[in-house]
Amino acid sequence: MKFDVSELVEAKRQIDSTLHKLRQTVKTFEAKENADRYKSQITLAKRRIQGFELSVALIEREINELSKS
C-alpha cells in the first residue's frame, strides 16, 4: 500500500498519543502498592510500547524517504 505524507504524519500522531497513554498506564501500575498483582498488565503494556515504538520508527523512515522525492 502507498500512503502520502499527510496520512503517515497523522498515523504517527495517533500512535504517539497511544504511546503516551501506555507509558502513563505502566507508571500507574508500577506505583500501585501491590505492583506484582499487575505484572501481566505491565508486561503487556511494555510489549505494546515496544511495538508502537517500532511502528513510529518505520513511519518516520517512510516519511523521510517520501520527503526526499
Side-chain angles (χ1 to χ4, degrees):
M1 285 179 92
K2 292 287 183 182
F3 301 99
D4 63 34
V5 174
S6 65
E7 291 172 316
L8 292 168
V9 168
E10 179 59 23
K12 182 185 175 305
R13 190 178 74 78
Q14 293 299 324
I15 293 171
D16 285 339
S17 172
T18 302
L19 271 170
H20 174 74
K21 292 172 187 171
L22 280 169
R23 288 181 180 121
Q24 291 303 114
T25 298
V26 169
K27 285 181 188 177
T28 299
F29 281 136
E30 289 177 337
K32 293 213 179 260
E33 188 173 309
N34 191 2
D36 286 343
R37 180 176 178 206
Y38 303 99
K39 187 175 180 180
S40 62
Q41 288 92 336
I42 293 169
T43 300
L44 177 62
K46 286 181 177 181
R47 288 180 180 164
R48 286 179 175 165
I49 289 169
Q50 289 176 332
F52 281 126
E53 287 173 340
L54 174 65
S55 299
V56 167
L58 294 172
I59 289 170
E60 288 174 343
R61 185 171 74 186
E62 186 68 16
I63 290 170
N64 289 336
E65 287 299 313
L66 288 174
S67 296
K68 289 179 185 177
S69 307

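Just the heavy atoms: all of them, side chains too, but no hydrogens, waters or symmetry mates, feed the values below.
- The CG atom of D16 sits 4.0 Å away from atom NZ of K12, with the distance rounded to the nearest 0.5 Å.
- Distance check, rounded to the nearest 0.5 Å: CD1 of I49 to CG of L54 gives 14.0 Å.
- Judged purely by atom type and a 3.5 angstrom limit, E7 uses its side chain to pair as donor or acceptor with the backbone of D4.
- For the atom pair I59 CD1 and R13 CZ, the distance stands at 12.5 Å (nearest 0.5 Å).
- A distance of 15.0 Å separates NZ in K39 from CZ in F29, rounded to the nearest 0.5 Å.
- For S55 against I15, the heavy-atom pair with the smallest separation is CB-CD1, 4.1 Å.
- Considering CG of L66 and CZ of R61, their distance stands at 12.0 Å, rounded to 0.5 Å.
- Residues V56 and V9 share a hydrophobic cluster, clusters being chains of Ile/Leu/Val/Met/Phe/Trp/Tyr side chains in contact below 4.5 Å.
- Side chains of I63 and S67 form a contact here, defined as non-hydrogen atoms less than 4.5 Å apart.
- For the side-chain hydrogen bond (donor to acceptor under 3.5 Å, both in side chains) condition, the pairs that include at least one residue of residues 17-32, sequence neighbours left out, are R23-E53, E30-K46.
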